[in-house]
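Both counts, for ligands and for their atoms, begin at 1 and track the order of listing. A quick note: this is a predicted structure, and the numbers were derived from the prediction, not measured.
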Amino acid sequence: MKVAVVGSTGMVGQVMLKVLEERNFPVTELIPVASEKSVGKKVKYKQKEFTIVSMKDAIAAKPDIAIFSAGGSTSLEFAPLFAEAGVTVIDNSSAWRMDPDKKLVVPEINADVLTKEDKIIANPNCSTIQLVMVLGPLNKKYDLKRVVVSTYQSVTGTGKAAVDQLNGEISGNETEKVYPYQIFKNALPHCDVFADDDYTKEEIKLMKEPKKILGDDTFNLTATAVRVPVQGGHSESVNIEFENEFELDEVRKILSETPGVVVMDDVKNNHYPMPLYSEGKDEVFVGRIRRDLSQPKTLNLWIVADNLRKGAATNAVQIAEYLVANNLV
Ligand SMILES: NC(=O)c1ccc[n+]([C@@H]2O[C@H](COP(=O)([O-])OP(=O)(O)OC[C@H]3O[C@@H](n4cnc5c(N)ncnc54)[C@H](OP(=O)(O)O)[C@@H]3O)[C@@H](O)[C@H]2O)c1
């Protein structure tokens, strides 16, 4: 496969290169792309240096697959140009996720929706991916009625400038402010920009994307997204009301048998998922599994994953792997 990595210098792009290498994706030619200011610079892949090229040169090179992690406006402008040239685009931005003509895919849940005709495939929001990895198998068994999610999102979720802001605030050095307030020693109930209805765009993504991925709009979902001074790994406190009764042991069994999900739930030994533990790992970790004592058929749990891995790069590479394995590219 000739593979273009668009946004190869960014937080996600750098992890993308690492994940392609680790999973031994069959790359015969790597085409790293970034903004004009980075053209000519080098990125490393498999201990070799590769020169960053422009979008125009990348399209002319006709890759088989282009994995985009370069922001929504870049995707809106360039993904169709790659697609017109016959390239299959896997896009990490929010540009195409809710487009009714585009598939939104978490391979463990709905890879079977993909066809050869899909030329722009959307990778869901990082907070959505870890959420649906847990909601999916539980929905099948108990039927979701209502989900309330509160997120604790790390600064790598905003990109490299946000990591610089946090590190600058820790060390006392002035840096560009990506967030409207200091993030060090703080918690901002504000991820992405506010929309007209006073929800943030991150919250709206969390409320809409799971229904599309699960192919089920019969349940309600509400979200509050919070940025915390954690370097990497998003956490979520999730309250789930089902239509049907459940047993806690069965919930743990279902989740522990779900590919890509790891149950860490032994509170007697202080065993529960944390962002520090999730860093660099591909799995989605779930713990603090307990009944909501305030009403029946309702569960509380805590989900953690590395937002740059399963929340972005790993999920995108898994989509690419599925396309290759099923001759869809
Ligand atoms: N961070 C996460 O956890 C996460 C998770 C899921 C999805 N995403 C999405 O992934 C995308 C990238 O996020 P990030 O966190 O990696 O951001 P980032 O660290 O700021 O990196 C942005 C990347 O995009 C490139 N870029 C910017 N404008 C471009 C243009 N006009 N043409 C080509 N390349 C351009 C940048 O290149 P230069 O270095 O040349 O500026 C850089 O490589 C975003 O759409 C984001 O929403 C992020």
Side-chain angles (χ1 to χ4, degrees), residues 4-19 31-43 50-59 66-79 81-82 89-97 104-106 121-132 151-167 175-176 178-179 191-193 200-202 204-206 209 225 227-228 230-236 275 278-280 304-319:
V5 175
V6 179
S8 56
T9 55
M11 295 276 14
V12 175
Q14 285 288 298
V15 177
M16 194 72 73
L17 293 173
K18 213 188 279 179
V19 172
I31 305 165
V33 190
S35 75
E36 287 298 329
K37 76 172 195 293
S38 300
V39 171
K41 290 184 185 164
K42 310 273 185 195
V43 290
F50 289 78
T51 305
I52 294 169
V53 302
S54 67
M55 286 287 206
K56 215 170 130 229
D57 287 349
I59 296 169
I67 308 179
F68 270 60
S69 314
S73 55
T74 309
S75 288
L76 279 175
E77 183 180 350
F78 288 99
L81 302 180
F82 277 74
V89 173
I90 301 169
D91 182 40
N92 265 299
S93 80
S94 57
W96 306 99
R97 291 179 190 151
L104 181 64
V105 176
V106 175
I121 300 161
N123 209 48
N125 177 42
C126 39
S127 310
T128 304
I129 294 177
Q130 64 186 72
L131 180 64
V132 296
T151 70
Y152 303 67
Q153 301 187 209
S154 68
V155 296
T156 52
T158 315
K160 56 188 175 193
V163 177
D164 291 344
Q165 177 178 339
L166 174 61
N167 288 336
T175 55
E176 178 204 346
V178 180
Y179 301 120
C191 299
D192 207 333
V193 297
T200 61
K201 279 196 174 169
E202 185 78 3
I204 295 167
K205 289 174 215 167
L206 263 166
E209 292 177 16
R227 189 73 60 191
V228 292
V230 166
Q231 176 101 16
H234 290 352
S235 306
E236 294 175 346
S278 76
E279 252 189 296
V304 180
D306 184 329
N307 49 293
L308 295 175
R309 305 269 314 194
K310 183 57 183 166
T314 304
N315 198 71
V317 174
Q318 285 176 312
I319 293 174

Asker: Is there a donor in the side chain of Gln231 and an acceptor in the side chain of Glu279, or the other way round, less than 3.5 Å apart?
Answerer: no
Asker: Would you mind checking which non-hydrogen protein atom is closest to atom 3 (O) of ligand 1, with the distance to 0.1 Å?
Answerer: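 Atom 3 (O) of ligand 1 sits closest to the protein heavy atom Asn307 ND2, 3.0 Å.
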Asker: Students should be able to answer this: which protein heavy-atom is nearest to atom 13 (O) of ligand 1, and at what distance?
Answerer: Val12 CG2, 3.9 Å
Asker: Going by distance alone, is a donor N or O of one side chain under 3.5 Å from an acceptor N or O of the other, for Thr175 and Asp164?
Answerer: no
Asker: Just by distance, do the side chain of Ser8 and the backbone of Val33 share a donor-acceptor pair under 3.5 Å?
Answerer: yes
Asker: Is it the side chain, the backbone, both or neither of Glu36 that has a heavy atom closer than 4.0 Å to ligand 1?
Answerer: neither
Asker: For atom 32 (N) of ligand 1, grab the closest protein heavy atom and report residue, atom and distance to one decimal in Å.
Answerer: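 It is Thr74 CG2, 3.6 Å.
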Asker: Which of the atoms in ligand 1, numbered in the order shown and given with their element, are less than 4.0 Å from a heavy-atom of Gly71?
Answerer: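 Those qualifying, in numeric order: 11 (C), 44 (C), 45 (O).
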Asker: Give the residue, atom name and distance (to 0.1 Å) of the protein heavy atom nearest atom 35 (C) of ligand 1.
Answerer: Ser35 N, 3.6 Å
Asker: Run the side-chain contact (heavy atoms from CB on, under 4.5 Å) check on Phe68 and Ser93 step by step: do they pass?
Answerer: CA-CA 8 Å; Phe68 270 60; Ser93 80; over 6 Å; no
Asker: To which of Ser69, Ala34, Ser8, Gly13 does the heavy atom nearest atom 23 (C) of ligand 1 belong?
Answerer: Ser69
Asker: Report yes if some heavy atom in the side chain of Asn125 is under 4.5 Å from a heavy atom in the side chain of Glu202; otherwise report no.
Answerer: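 Yes, their side chains come closer than 4.5 Å.
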Asker: What do we get for Thr9 next to ligand 1 when only non-hydrogen atoms under 4.0 Å count, side chain, backbone, both or neither?
Answerer: both
Asker: What are the two closest heavy atoms between Gly233 and Ser278, and how far apart are they?
Answerer: CA-OG, 3.9 Å
Asker: Between Ala122 and Ile319, which heavy-atom pair has the shortest distance, and what is it?
Answerer: O-CD1, 4.4 Å
Asker: Salt bridge (charged side-chain N to carboxylate O under 4.0 Å, His left out) with Asp192: which of Lys205, Lys201, Arg227?
Answerer: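 Considering Lys205, Lys201, Arg227, a salt bridge (charged side-chain N to carboxylate O under 4.0 Å, His left out) with Asp192 is found only for Lys205.
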Asker: Give the numbers and elements of all ligand 1 atoms closer than 4.0 Å to a heavy atom of Ser93.
Answerer: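 Per the distance check, 45 (O).
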Asker: Looking only at atom types and distance, does a side-chain atom of Glu209 sit under 3.5 Å from a main-chain N or O of Pro124, one as donor and one as acceptor?
Answerer: no
Asker: Which ligand 1 atoms does Ala312 reach within 4.0 Å, using its non-hydrogen atoms?
Answerer: 5 (C), 6 (C)
Asker: Are any of the N/O atoms in Lys37 less than 3.5 Å from those in ligand 1?
Answerer: yes
Asker: Quick test: of every protein heavy atom, which one is nearest to atom 21 (O) of ligand 1, and how far off is it to 0.1 Å?
Answerer: Gly10 CA, 3.2 Å
Asker: May I ask you to list the atoms of ligand 1 that are less than 4.0 angstrom from any heavy atom of Gly311?
Answerer: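 Matching atoms, with element in brackets: 5 (C), 6 (C).
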Asker: Do me a favour and list the nearest non-hydrogen protein atom to atom 1 (N) of ligand 1 with residue, atom name and distance?
Answerer: Thr156 O, 2.8 Å
Asker: Look at the side chain of Ser38 and the backbone N and O of Lys41, then say whether any donor-acceptor pair between them is shorter than 3.5 Å.
Answerer: no
Asker: In terms of residue, atom name and distance, what is the protein heavy atom nearest to atom 19 (O) of ligand 1?
Answerer: Met11 N, 2.9 Å
Asker: Check the pair Arg309, Lys18 against side-chain contact (heavy atoms from CB on, under 4.5 Å), reporting the backbone distance first and the verdict last.
Answerer: CA-CA 10 Å; Arg309 305 269 314 194; Lys18 213 188 279 179; 4.3 Å; yes
Asker: Checking a contact table here: which protein heavy atom is nearest atom 26 (N) of ligand 1, and how many Å away?
Answerer: Ala70 CB, 3.9 Å
Asker: Does Leu308, backbone or side chain, put an N or O under 3.5 Å from an N or O of ligand 1?
Answerer: no
Asker: Provide the number and element of each atom of ligand 1 under 4.0 Å from a heavy atom of Gly7.
Answerer: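 Near Gly7, the atoms of ligand 1 are 23 (C), 24 (O), 25 (C), 43 (O).
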Asker: Please work out whether any backbone atom (N, CA, C, O) or any side-chain heavy atom from C-beta onward of Asn125 is under 4.0 Å from ligand 1, and answer side chain, backbone, both or neither.
Answerer: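 Neither part.
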Asker: Could you list which atoms of ligand 1 come closer than 4.0 Å to a heavy atom of Met55?
Answerer: 32 (N), 33 (C)
Asker: Determine, considering heavy atoms only, which of Ile129, Thr158, Asn92 sits nearest to atom 47 (O) of ligand 1.
Answerer: Asn92
Asker: Could you report the tightest heavy-atom contact between Val106 and Lys310, atom names first, then the distance?
Answerer: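 Taking every non-hydrogen atom into account, CG1-NZ, 4.1 Å.
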Asker: Taking the side chain as every heavy atom from C-beta outward, state whether Met55 and Val6 have any atom pair closer than 4.5 Å.
Answerer: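 Heavy-atom side-chain distance check passes, below 4.5 Å.
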Asker: Look only at the side chain of Asn92 and the backbone of Asn123, and say whether a donor-acceptor pair between them is shorter than 3.5 Å.
Answerer: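 Answer holds: no.
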Asker: List ligand 1 atoms under 4.0 Å from Gly159, heavy atoms only on the residue side.
Answerer: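 Result: 15 (O), 17 (O), 19 (O).
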Asker: Could you verify whether a donor N or O on one side chain and an acceptor N or O on the other, from Gln153 and Asn307, lie under 3.5 Å apart?
Answerer: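 Looking only at side-chain atoms, Asn307 and Gln153 do not form any donor-acceptor pair under 3.5 Å.
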Asker: What atoms of ligand 1 come within less than 4.0 Å of a heavy atom belonging to Ser38?
Answerer: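 Those atoms are 38 (P), 39 (O), 40 (O).
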Asker: Determine whether any protein heavy atom is located less than 4.0 Å from atom 42 (C) of ligand 1.
Answerer: yes
Asker: Answer yes or no: does an N/O atom from Val6 fall short of 3.5 Å to an N/O atom of ligand 1?
Answerer: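 It does not: no N or O of Val6 is found under 3.5 Å from an N or O of ligand 1.
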